[in-house]
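Read through the structure below, which is laid out as structure tokens, and then see the notes.
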Amino acid sequence: MSAGTLEISGLTTSYGPVTALDTVDITAERGQVTAVLGANGAGKSTLLRTISGLVRPAAGQVLLDGTDLTHAPAEAIARAGIAHVPEGRGVITELTVEENLRLGAMLGASRRRTERGLAQVYEMFPPLAQRRRHDAHVLSGGERQMLVIGRALLSGPDVLLLDEPSLGLAPRIVAQIFGLLRDLVDSDGVTVLLVEQNARSALSIADVGVVLNLGRVVARDAAAALAADDGLRHAYLGF
Amino acid sequence: MQQFLNVTLTGLGQGAVYAAFALALVLIWRSTRVVNFAQGAMAMFTTYLALTVIEGGQSYWVGLVVALVAGLVLGAVIERLVIRPVEGGPELNAVIVTLGLFVALQALAAILFGSTFRSFPAPFDLRGFTVGGVNIAFTPNSIYIIVAVVVVMLALVALFRFTDLGLKMRAAAFSQEVSRLLGVPVGRMLTLGWALAAGVGSLSGLLIAGGSLVFPAYMDAVIVYGFVAAVLGGLDSPAGAVVGGLTIGLLLSYVSGYLGSELVALAALAILVAVLLVRPQGLFARTAARRV
């Protein structure tokens, strides 16, 4: 088993009487993008929040390379190498762009590696470099997405959990960000679990797709096969 | 002219202490959204500890260190034992808890240290400097007070601006969830924030006691003035707390010097009402939307 294998088995999460996630099994492999698709309320965000320890599961297991992280606190899970990029609100707007990035780099990185990592992120996302000394609340939606992704990368994660990175972004920027993600997975071999409502874009860069409906896995297949399945597309993916 | 100079200098010295106290309130408000009404009582308590040490034959400076360390510990312990359980509940719970703490600490101090007035030594001369044959109200001790506050403020600025620890503390204060996802031990940062704030509060209690009298309620007025200063500065802004503290110190000193000292408390409340009416977000708030 290579480093960065995320195994989720029988994961069940409830909010009071409502079961948001119902015995979900997903394995995400290193060097692959696994897309988790489904409509609003399908349990996609809950899945990521449960993996990263923000929400406690009622049952099931989360294993990273065989290590049980199911009941670890969120900060310990982050330190174990799982970087969760939350939907929309992940930017700390009161801090500067660079301070946000530095926070990502603090997970055990040396000063020199931090500086090199910062330089790489600025090279990858030039708009961030221009605004490094500004408070992050001046950033546009696309720039915020760049910031949270860049920040997650600086922590040197084995697993990247992305929650709706395309939300509210122009198609051109979505294509750019997804292209970057794909490059990253191919070159660095990270494991990506990508949660998306924008199924078409997500499947275009994913290797494997999993479809959630009302908290249950209703389909899983190679991304190309899912995209070609007309019935499934109409029923769950809306394109 | 001489009176104006005297009143201004006195106001600056007082204002420095209010600034430190307001800063302690702001540090706690920023990280845990609690107005710590017990701040004054905590400072009073640690000042009594210093007084006990000093009366036991130690120097003023040993007393200072004892008060600051006791403040740090007291802040951390209170955050862990008293504040943590009410965190995330209705905001009123934390208010009631800190008010209860305020009453309890004052009562405990009266039991342990007595409720009579006791004089607290000043480390430097309390006689004013002579300028051109005229005695002014500025003393070596006033300089000590201002220098002590400035040193602590610069140390805090350095901590928050230039260190990883300070960045983590700010992140934890602004967004607990995002900070946890980035591996920041949020609980520990909040405890540390309370400890630092209580340490700064202790310093203000000690400075205001120097050359004056202490009794269990001697910080009560300072709580009011410090709170007004913090609100004036925007409650969220450390820089605002400092500017607010100096402003309140000066304004109250002018009121006392020109209108009569019996009007000081009334003036403080009038300023509070005026700030809340005219600019409720304070002078230094980043956005009105963040206000609760």
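Bear in mind that the values here come from a model prediction, so they are computed numbers and not experimental data.
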Side-chain contact, heavy-atom cut-off 4.5 Å: A/Met106 with B/Leu182?
-> no
Atom group of A/Leu103 that falls short of 4.5 Å from chain B, counting heavy atoms = both
Heavy atoms under 4.5 Å from chain B: which residues of residues 123-130 of chain A carry them?
-> none
Of all the heavy-atom pairs spanning B/Arg170 and A/Leu95, show the shortest one and how long it is.
-> NH1-CD2, 3.7 Å
Name each donor-acceptor pair under 3.5 Å that joins a side chain in residues 200-208 of chain B to protein atoms two or more places apart or in another chain, with its distance.
{"unit_1": "B/Ser202", "atom_1": "OG", "unit_2": "B/Thr46", "atom_2": "OG1", "d": "2.9"}
{"unit_1": "B/Ser202", "atom_1": "OG", "unit_2": "B/Ala198", "atom_2": "O", "d": "3.0"}
{"unit_1": "B/Ser204", "atom_1": "OG", "unit_2": "B/Gly201", "atom_2": "O", "d": "2.7"}

Distance, nearest 0.5 Å, that separates CG of A/Leu54 from CD of B/Gln176 = 11.5 Å
A/Arg56, CZ: over 12 other non-hydrogen atoms inside 6.0 angstrom = yes
Residues of residues 77-85 of chain A near chain B, each having a heavy atom less than 4.5 Å away = A/Ala78, A/Arg79, A/His84
Donor-acceptor list for residues 147-157 of chain B side chains, cut-off 3.5 Å, not counting sequence neighbours:
none

